[in-house]
Structure formats: C-alpha cells, structure tokens
Amino acid sequence: METTERPQPWGKAIVAWGLGTLFLGLGLLTAVMIGIVAEQVRDRLEVSEHAIGMLSAVFYVAYSLAQFAGGIMLDRLNPRWILGVSSLIAAVGCVLLANATSMGVTVIGRVVLGVGLSTSFLGAIYLARIWFPPQRFAVMSSISQLATNVILAIMLIGLSVTETIPPLHAAMIGMAVGYVVLGIAILVLVTRPATVATAAHGDSDVGIVLQLRTVVGVPQFWLGTAFFASVFGVLIAWNDLWGIMNQRAYGRTLEMATALTSTGAIAAGVGGVLLGWISDRLGKRSQITQITIWLLTVTMALVLFLPRLPTTGVFVLLFVFGFLLGSNILGFAQIGQHIPDNAQATAFGLMTSFGFLTGAGLDYVIGVLVGEAPPAGTDIAISHYRGALIPLLVVLVIGSLCAIALKDRAQPPSAATTDSLPIQTAK
C-alpha cells in the first residue's frame with residue numbers, strides 16, 4: 001500500500017513540535033493547578049465538593065465539544081491559527097477565573113478556558129503526527145506527554161517542599177500571561193510541512209459529513225476509542241482532582257497529597273514513552289494495549305481497596321498506577337493505523353473528545369457520591385472515598401472488555417519492517 005512520505009526539516013519539526021508540547025504542558029499545569037486551588041474556590045464561592053466536581057465537569061464538557069471541532073479544523077486549516085488563537089482564548093478564561101466571585105462567572109470562565117485548551121492535547125499529537133515518520137509516532141507523542149508531566153511534577157514537588165500553595169488570583173494571572181506569550185510564538189513560528197499542506201488543500205472538497213463517515217465507519221476506531229476513553233478519563237479525573245482529594249481523606253496534608261499525585265504524573269510520562277517505544281518496536285499495538293489496560297484495572301482495584309499503607313508503599317503503588325495510565329497515548333497509534341491520512345486529526349479529535357467527556361462524567365458522578373465528605377483522616381472518610389471512587393474501576397473494566405477485540409491492520413512483510421504505522425495517501 002502506498003504511504004505518505006515524511007519531510008525531514010528537523011529544525012522546523014522540533015520548533016513546531018516543541019511549541020505544541022509547551023501548549024500541552026501549560027494546559028496540564030492549568031488543569032492541575034485548578035485542582036490544587038479547588039479548596040480556595042470552594043471557600044470563595046461558599047459551595048460544596050459536589051459543586052467543585054460540577055465545575056470540573058463543565059470544563060471538560062466544553063473542552064470535549066470544542067476539541068471535536070478542533071480536530072476537523074486541523075485537517076483543513078494551518079495549525080498555527082488553530083493553536084495560536086486557542087492559546088489566546090485560554091488566557092481570557094484564566095483572567096475570568098482569577099477575578100470570579102460568583103458561580104456564574106466561574107462557570108463562564110471554565111467554559112472559555114475549556115474551549116481555549118481544547119486543542120492543546122490534540123495539537124501536540126497532531127504536530128508529532130505530521131512532522132515525524134509514522135513509525136516514530138507513538139514515541140514522539142509519548143515524549144510530549146513525558147515532557148509535560150515532568151514539568152508538572154517539578155512544579156508540584158516544589159510546592160510540596162516549600163509548603164506553598166499559590167493564591168488563586170496569582171496562579172490564574174500567571175497562567176494567562178503564559179498563554180499570551182505562547183499564543184504569539186505559535187502564530188509566528190508553527191508551520192505545516194509542505195507535503196501535508198498540499199494534501200490538505202487537495203482534499204478541501206471533501207465534505208465534513210464524508211470525513212466523519214470515513215472515521216465512524218471503522219469498527220476498530222470505536223474499540224480504540226473505548227480503550228482510550230476509559231484510561232484517559234480515569235487519568236484526568238484522578239490527576240486533576242480526585243487523587244489529591246483521596247489522599248486528603250487519609251489525613252495527609254495538601255502539600256503531601258500534591259507530592260504523591262506528582263508521582264503518578266511522572267510515572268505516566270515514563271510509562272507512555274516506554275510503552276510507546278515497545279509498541280513502535282514490536283508493531284503489536286493491540287497486544288500492548290490489551291495487556292496494559294488489564295494490569296491497570298487490577299492496579300486501580302489495589303489503589304482503592306488495599307488497607308492503609310505507609311507513605312513509601314503509597315508512593316510505589318501510585319507510581320505503578322501512573323505508569324500504566326500513561327498507556328492512554330497508545331490509543332492514537334492504535335486507531336491511526338486504520339484511518340486514512342486526510343481524516344487523522346478528525347479521528348484523534350473525536351477520540352479525545354470521548355476521553356474528556358468520560359473524565360467529565362467521572363468528575364460529576366464522583367462529586368455527587370462524595371457529597372459532604374466526613375472529616376479527613378478518619379476511617380469513615382477513607383471508606384467514604386473508596387465507595388465514591390468505584391466508578392473509576394467500573395470504567396476501566398468496560399474499557400478492558402472492549403480492548404479484547406482490538407486488532408492490528410495486516411501489513412505486507414516489507415511494509416512491516418520499514419513503516420510500523422503506514423498511512424494511506426490522501427486521495
């Protein structure tokens with residue numbers, strides 16, 4: 001089968017991919033920072049944990065819906081405009097959240113921020129997809145995740161060591177400044193490879209409906225999406241809010257809970273790179289995803305139901321848990337082998353939208369189940385949170401069952417040795 005050649009202007013590739021990765025990293029920092037200052041938001045608005053969970057769900061719903069549209073636009077427009085403008089929109093959302101004193105303004109701020117950040121994850125993956133050889137796709141996209149998680153972990157560890165939690169206003173204004181600078185840099189420096197730009201221009205007559213049919217008509221797309229949505233939904237629900245809240249239920253300080261959560265962030269980045277490398281190296285993408293999600297499901301059960309562990313034991317368990325959560329990145333290579341080149345971003349956008357919607361649903365459901373939590377540090381509080389977090393385990397079980405039917409696209413022997421992720425040339 002004919003495959004798309006990838007250009008090798010490494011300077012431009014690194015700049016474009018690097019800025020996309022920075023956008024992803026800043027988006028992740030913002031999402032986690034919102035979790036860190038959640039208690040400040042609760043106190044400022046005088047609301048319950050249920051309301052905080054709802055606010056998180058609002059953010060991810062807006063993120064998911066806008067991300068789907070962003071995927072379609074990335075297949076048709078230059079990524080510099082999509083990602084640059086999105087970064088500037090995120091800055092507006094941060095300013096709104098920094099100054100919000102009512103629930104209504106906070107909801108609007110979360111929606112605007114969600115729309116702005118909707119292309120951060122997808123954009124980093126897409127830039128890795130168009131600038132690097134297909135057989136390096138899983139590794140490069142995983143490195144994006146690792147880089148952002150390491151930056152996140154350094155920030156969280158710094159906050160823990162200094163025992164400093166930044167004020168809500170200062171944190172959001174700082175993020176807004178970062179988004180403005182990054183947005184301008186993306187508008188100036190990010191480009192699309194000439195061969196990809198030509199293919200996209202040639203496909204401009206392809207209707208959106210036909211483009212969507214190309215994606216949704218592939219059964220393996222839905223199975224891969226089920227895998228990704230379950231793993232990624234649990235990842236964002238755990239790392240962005242409920243992991244910290246769960247550790248708080250055990251009586252740990254906010255600083256210690258934040259540091260333990262950073263363990264999972266580092267491990268997810270390491271796991272994504274290592275698992276991505278194995279997937280690229282062996283070419284057996286479906287088998288890797290099946291093994292990791294079943295191991296992840298077992299580990300999730302251990303996280304929820306093991307008796308109270310010493311801090312060292314929690315560190316090890318959360319590292320393994322985070323390592324396996326990093327396997328979410330395999331979903332892109334898994335579905336990418338079944339989707340034509342001119343619909344890749346659309347497929348990625350739709351898949352990640354389901355992932356974020358799953359996270360939003362988990363945030364809301366867990367918030368309802370937590371309700372008014374008992375005093376932290378008590379056996380009642382620990383038991384209460386264990387029950388409230390069971391939806392995480394249920395979602396992983398569903399994803400594990402769907403992963404059983406995942407398959408790799410059969411390749412000719414020659415193609416398997418030169419290109420582990422062949423993509424059809426756009427017609």
Side-chain angles (χ1 to χ4, degrees), residues 23-24 27-28 30-35 37-38 41-42 45 47-74 82 85-87 89-94 96-97 100 102-123 125 172 175 179 212 216 222 225-226 228-243 245 328 331 345-370 388-389 391-392 394-395 398-399:
F23 191 20
L24 171 61
L28 181 60
T30 304
V32 173
M33 183 60 69
I34 287 175
V37 300
V41 176
R42 180 194 63 193
L45 302 180
V47 295
S48 66
E49 279 82 357
H50 177 203
I52 296 300
M54 186 209 69
L55 285 173
S56 184
V58 165
F59 168 77
Y60 284 120
V61 168
Y63 189 117
S64 302
L65 296 177
Q67 187 171 230
F68 173 56
I72 295 175
M73 288 189 290
L74 279 172
I82 306 300
V85 172
S86 293
S87 186
I89 293 174
V92 175
C94 287
L96 288 173
L97 291 176
S102 67
M103 191 66 168
V105 175
T106 302
V107 169
I108 293 174
R110 290 289 181 99
V111 170
V112 173
L113 181 62
V115 171
L117 294 183
S118 63
T119 59
S120 61
F121 186 43
L122 176 62
I125 299 298
M172 291 297 102
M175 294 291 179
Y179 284 122
L212 286 174
V216 301
W222 292 109
T225 295
F228 175 84
S230 60
V231 177
F232 191 74
V234 169
L235 171 68
I236 61 175
W238 180 264
N239 280 353
D240 294 353
L241 182 59
W242 297 112
M245 303 292 275
N328 74 85
T346 299
F348 294 163
L350 185 57
M351 182 180 74
T352 48
S353 292
F354 278 108
F356 279 102
L357 285 173
T358 301
L362 286 170
D363 274 337
Y364 180 79
V365 170
I366 293 172
V368 171
L369 294 176
V370 169
L389 294 175
L392 299 176
V394 172
V395 166
I398 294 173

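All heavy atoms count here, side chains included; hydrogens, waters and symmetry mates do not.
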Practice item. Check the pair Phe68, Leu212 against side chain to side chain contact (heavy atoms under 4.5 Å, CB included), reporting the backbone distance first and the verdict last. Key: CA-CA 11 Å; Phe68 173 56; Leu212 286 174; 3.6 Å; yes
Practice item. Please test Val112 against Ile89 for side chain to side chain contact (heavy atoms under 4.5 Å, CB included), starting from the C-alpha separation and ending with a verdict. Key: CA-CA 7 Å; Val112 173; Ile89 293 174; 3.9 Å; yes
Exercise for review: Apply side chain to side chain contact (heavy atoms under 4.5 Å, CB included) to the pair Val111 and Phe59, showing each step before the final yes or no.
Suggested key: CA-CA 5 Å; Val111 170; Phe59 168 77; over 6 Å; no
Practice item. Output, in order, the C-alpha distance, side-chain angles, deciding distance and verdict of side chain to side chain contact (heavy atoms under 4.5 Å, CB included) for Leu350 and Val216. Key: CA-CA 9 Å; Leu350 185 57; Val216 301; 3.9 Å; yes
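Across Leu235 and Asn328, no two heavy atoms sit closer than the pair CD2-ND2, 3.6 Å. When every heavy atom of Leu113 is checked against every heavy atom of Cys94, the shortest pair comes out as CD1-SG, 3.9 Å. Smallest separation of non-hydrogen atoms from Leu97 and Arg110: CD2-N, 3.8 Å.
Put simply, the side chain of Ser353 gets close to the backbone of Ser64: a donor and an acceptor are under 3.5 Å apart. Listed for the Ser86 side chain is no donor-acceptor partner under 3.5 Å among the backbone atoms of Thr119. With hydrogens and angles ignored, the 3.5 Å screen pairs a side-chain donor or acceptor of Gln67 with a backbone N or O of Thr352.
Residues Thr30 and Tyr179 have side chains that bring a donor and an acceptor to within less than 3.5 angstrom of each other. Remark: the Tyr63 side chain and the Ser120 side chain contain an N/O donor-acceptor pair separated by less than 3.5 Å.
Between Phe121 and Phe232, the angle of the ring planes stays under 30°, which puts this pair in the parallel group of the 30/60° scheme.
In this structure, the separation between CD1 on Ile82 and CD1 on Ile72 is 11.0 Å, given to the nearest 0.5 Å.
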